Number of protein chains: 2
Amino acid sequence: MNINITLRQLKVFREVARQQSFTRASKALFLTQPAVSMQIKQLEGVIGMPLFEKQGKQINLTDAGEEIKVLSETILQQIEETTQNLELLASGQQGKLRLAVATTVASVATRLMARFNERHPALSLHFIVTNREGLIDLLETNQTDIVIMGKPPEDLQLETQEFMPNPLVVIAPPGHTLCNRQKAVSLNSLFQHNFILREPSSGTRRAIERFLAAEGRSLESSMEMNSNDAIKQSVAEGLGLGIVSIHTVTSELEQGSLKLIDVTGFPLRRSWYLVQRKGRRLSPLSERFKAYIIEEVQNFHNSLQV
Amino acid sequence: MNINITLRQLKVFREVARQQSFTRASKALFLTQPAVSMQIKQLEGVIGMPLFEKQGKQINLTDAGEEIKVLSETILQQIEETTQNLELLASGQQGKLRLAVATTVASVATRLMARFNERHPALSLHFIVTNREGLIDLLETNQTDIVIMGKPPEDLQLETQEFMPNPLVVIAPPGHTLCNRQKAVSLNSLFQHNFILREPSSGTRRAIERFLAAEGRSLESSMEMNSNDAIKQSVAEGLGLGIVSIHTVTSELEQGSLKLIDVTGFPLRRSWYLVQRKGRRLSPLSERFKAYIIEEVQNFHNSLQV
DNA sequence: TATATTCATAAGTAAAACCTTATGATTTTC
DNA sequence: GAAAATCATAAGGTTTTACTTATGAATATA
């Protein structure tokens, strides 16, 4: 008669088995009674055995019917459960979030993620902190969904979105001669001093070099470090001046362990970008995360303007 | 696009997920590649989310895809398991066997069932021993599949099969005056003595009364008991003579604790019948049990004739 | 015994499911 | 850069599905 069991058959069967009646099942399913009879008959055809036996008005399950009853109940429930899980996925309340960020934004990103996680406890998180080079590699090999970085490379197929200012400032230890000047310090006088900078492949370093090139200058850096924390400490110790994203030194500025120097042309106006591969459809969760970040930054700016 | 998941979709999806390739899946399923694409696309339409994402040649599961993979694997396996169970049912190796027997055949039936159970260990057994009245009630209320009893009632819609002789014999305590006579004892001399019989609703009792009625006699029983064991003991104690199925006294005759009396017209030739309700389809297991019983009885007779 | 209830069956029909061939777009691989 | 591989899409056709209405048969109910 037929070749395969269908879910329709199981659904109708389950209702009949529950209701112990074809007619009642047909009403529950908003069908006519013959429609139910047919589904059951087809199922019996597939199985090769009767599933019900009539005793007068009463219908009873055969052994095979009992077997199919278990099957129908479990299968249909599993489908219902999966459907619910899928709805959670679709609404972004559950899922995998793969995020990679530049070293400089790590702390900001961590804070954002923690707050996002409170709203979406079911998410499974994959978080990578690395420098610009590493981020590009992750994007190319598709190991991450969203990246937060400085100016993204032009040669890759990317979708980018500028979402947050990233001012680069010059920092000095408290009491440095260039601090607290009335006027902005010139680049000339600035470069009398030693500098501690990030490695050449870092975004911060590249931003500085591009700015200097535009001014007709170049940089002979005295020290290189691959960690913002190390730079901050070194500057605080008096090893030299630093140029860093202001986001990395907010707490030190408040505590007074570091000071800003007002230099002509500074702060360098850079931005953070949300980046993803072009054409890559983000999971609903990732989409929500993006929306969340943008919203948060917006709120932050608004609060500053008040 | 669609309304419902189909098992076809899940089957195709599972293959694609396993093979990590549409083309390989299509070969494994003996389909063209577009056929696979379509099934997946329909499934995605039902789900409302993409299940795979392409990264160059490679295809990867999305979060939703992972969810559906679990679903497809579990559901399809459950169906396969159920199919196997159904095959066991169909071959009669598994199932419920509901059997009811007359008190008199209980020991014979027990032996048969035990041996049948050795061959079919997966069966679940429902065994009732009761008298004729009880058996008829069980049949009417459909609480049993097969009944073993004496002559079945005519007024019920039954399918019956005579399968085993059931001779009724007269028993006496050893040393009774009617024992070891040269000639068969006449009914006249027999009825000088007291009798111990089963209750009037029992098959054995009815058989005796019908025989006597044909001979123009009737019975004034001195004692009634509803258990064959009680009757045997009472006869052995000398309380009176008994008329019982020979099957109930085989061991006592061997031991010599009871003796047969050769009476004109005895043994009464009755039979045991296999009985089921007309039109009621037996489960494969019950069918096998019927076949088994008939075969065993056949073997038993053959061995007697050798 | 008439009536109501329950399931089975038949005929008819609109929709869908399922697959094929042909072809296109991308991406790897050589 | 050409060839090969992979998935997507379109068009077309046959089969199956899933109902419906109408009606019949068996059984319970009053």
Side-chain angles (χ1 to χ4, degrees), chain A residues 1-46 50-62 65 140-142 156-157 277-281, chain B residues 1-46 50-62 65 140-142 156-157 277-281:
Chain A
M1 167 170 309
N2 201 343
I3 295 182
N4 275 313
I5 290 185
T6 71
L7 290 175
R8 187 85 250 247
Q9 287 161 9
L10 289 180
K11 216 167 285 174
V12 173
F13 173 89
R14 177 176 68 168
E15 198 58 39
V16 175
R18 284 179 174 177
Q19 303 271 1
Q20 303 258 61
S21 151
F22 284 49
T23 306
R24 281 198 294 279
S26 73
K27 281 171 189 155
L29 296 166
F30 302 102
L31 289 174
T32 57
Q33 167 263 315
V36 173
S37 285
M38 290 181 111
Q39 290 293 338
I40 300 298
K41 195 166 186 204
Q42 284 188 37
L43 186 53
E44 288 177 336
V46 181
L51 298 171
F52 294 99
E53 57 182 13
K54 288 209 312 194
Q55 167 166 7
K57 262 181 155 161
Q58 184 81 6
I59 56 174
N60 298 319
L61 289 168
T62 62
E140 278 179 335
T141 57
N142 216 359
L156 285 172
Q157 296 268 7
R277 272 181 80 139
K278 201 161 246 162
R280 180 142 164 61
R281 259 193 63 179
Chain B
M1 167 170 310
N2 202 343
I3 295 183
N4 275 314
I5 291 184
T6 70
L7 291 175
R8 182 89 251 237
Q9 288 161 8
L10 289 180
K11 216 168 282 172
V12 172
F13 173 88
R14 179 177 66 170
E15 198 59 40
V16 174
R18 283 179 175 175
Q19 303 272 2
Q20 302 258 62
S21 153
F22 284 49
T23 307
R24 281 199 294 281
S26 73
K27 281 171 187 153
L29 296 167
F30 302 102
L31 290 173
T32 58
Q33 168 263 314
V36 173
S37 285
M38 290 180 111
Q39 290 294 338
I40 299 299
K41 196 165 185 209
Q42 284 190 35
L43 186 52
E44 288 177 336
V46 181
L51 299 170
F52 294 99
E53 57 183 11
K54 287 209 310 196
Q55 168 165 8
K57 259 181 157 165
Q58 184 83 5
I59 55 172
N60 297 318
L61 288 168
T62 61
E140 278 179 335
T141 56
N142 216 358
L156 286 172
Q157 296 267 7
R277 271 182 80 137
K278 201 160 244 160
R280 180 144 163 59
R281 261 193 62 181

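Chain letters run A, B, ... following the sequence lines, proteins first and then strands; every chain starts at 1. Values in this document were obtained by computation on a predicted structure and should not be read as measured data. Basis for what follows: all heavy atoms, side chains included, without hydrogens, waters or symmetry-related copies.
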Mind calculating the distance between [atom1] ([X]) and [atom2] ([N]) to the nearest angstrom?
X: A:Gln39; N: D:dT20; atom1: CD; atom2: P; result: 11 Å
X: B:Ile40; N: D:dT6; atom1: CD1; atom2: C1'; result: 15 Å
X: B:Leu10; N: C:dC18; atom1: CG; atom2: P; result: 11 Å
X: B:Glu53; N: C:dT27; atom1: CD; atom2: C1'; result: 16 Å
X: B:Gln42; N: C:dA16; atom1: CD; atom2: C1'; result: 9 Å
X: A:Asn4; N: D:dT15; atom1: CG; atom2: P; result: 18 Å
X: A:Leu31; N: D:dA18; atom1: CG; atom2: P; result: 11 Å
X: B:Gln9; N: C:dC19; atom1: CD; atom2: P; result: 11 Å

Taking the side chain as every heavy atom from C-beta outward, state whether [X] and [Y] have any atom pair closer than 4.5 Å.
X: A:Leu7; Y: B:Leu7; result: yes
X: A:Ile59; Y: A:Val16; result: yes
X: B:Asn4; Y: B:Val46; result: no
X: A:Arg18; Y: A:Arg14; result: yes

Only residue of A:Met38, A:Glu44, A:Gln42 satisfying side-chain contact (heavy atoms from CB on, under 4.5 Å) with A:Ile40 is A:Glu44

Expected rows: protein N/O vs nucleotides 6-12 of chain C N/O, under 3.5 Å:
from: C:dC7; atom 1: OP1; to: A:Phe22; atom 2: N; distance (Å): 3.1
from: C:dC7; atom 1: OP2; to: A:Phe22; atom 2: N; distance (Å): 3.4
from: C:dC7; atom 1: OP2; to: A:Thr23; atom 2: N; distance (Å): 2.8
from: C:dC7; atom 1: OP2; to: A:Thr23; atom 2: OG1; distance (Å): 2.4
from: C:dA8; atom 1: OP2; to: A:Ser37; atom 2: OG; distance (Å): 3.0
from: C:dA8; atom 1: N7; to: A:Gln33; atom 2: NE2; distance (Å): 2.9
from: C:dA8; atom 1: N6; to: A:Gln33; atom 2: OE1; distance (Å): 3.2
from: C:dT9; atom 1: OP2; to: A:Lys41; atom 2: NZ; distance (Å): 3.3

Report the residues that fulfil side-chain hydrogen bond (donor to acceptor under 3.5 Å, both in side chains) with B:Gln58, sequence neighbours left out, ordered by chain and then residue number.
-> none

Of all the nucleotides listed (C:dA17, C:dT21, D:dT20), which has the minimum atom distance to the side chain of B:Thr32?
-> C:dT21

So, is B:Gln58 near the phosphate of C:dT27, with a side-chain N or O under 4.0 Å from OP1 or OP2?
-> no

Which residue pairs pass the ring pair (Phe, Tyr, Trp, His ring centres under 6.0 Å) test with at least one member in residues 6-26 of chain B, sequence neighbours excluded?
-> B:Phe13-B:Phe52, B:Phe22-B:Phe52

Show which side-chain atoms of residues 24-36 of chain B pair as donor or acceptor with protein atoms under 3.5 Å away, not counting sequence neighbours.
from: B:Arg24; atom 1: NE; to: B:Gln19; atom 2: O; distance (Å): 3.3
from: B:Arg24; atom 1: NH2; to: B:Gln19; atom 2: O; distance (Å): 2.7
from: B:Ser26; atom 1: OG; to: B:Thr23; atom 2: O; distance (Å): 2.6
from: B:Gln33; atom 1: NE2; to: B:Ser37; atom 2: OG; distance (Å): 3.0

Give the angle between the helix axes at the two ends of the helix from C:dT1-D:dA30 to C:dC30-D:dG1, taking five base pairs at each end and rounding to 10°.
-> 40°

List in chain and number order the residues that pass salt bridge (Lys or Arg N to Asp or Glu O under 4.0 Å) with B:Arg8, two or more places apart in sequence or in another chain; answer none if no residue qualifies.
-> none

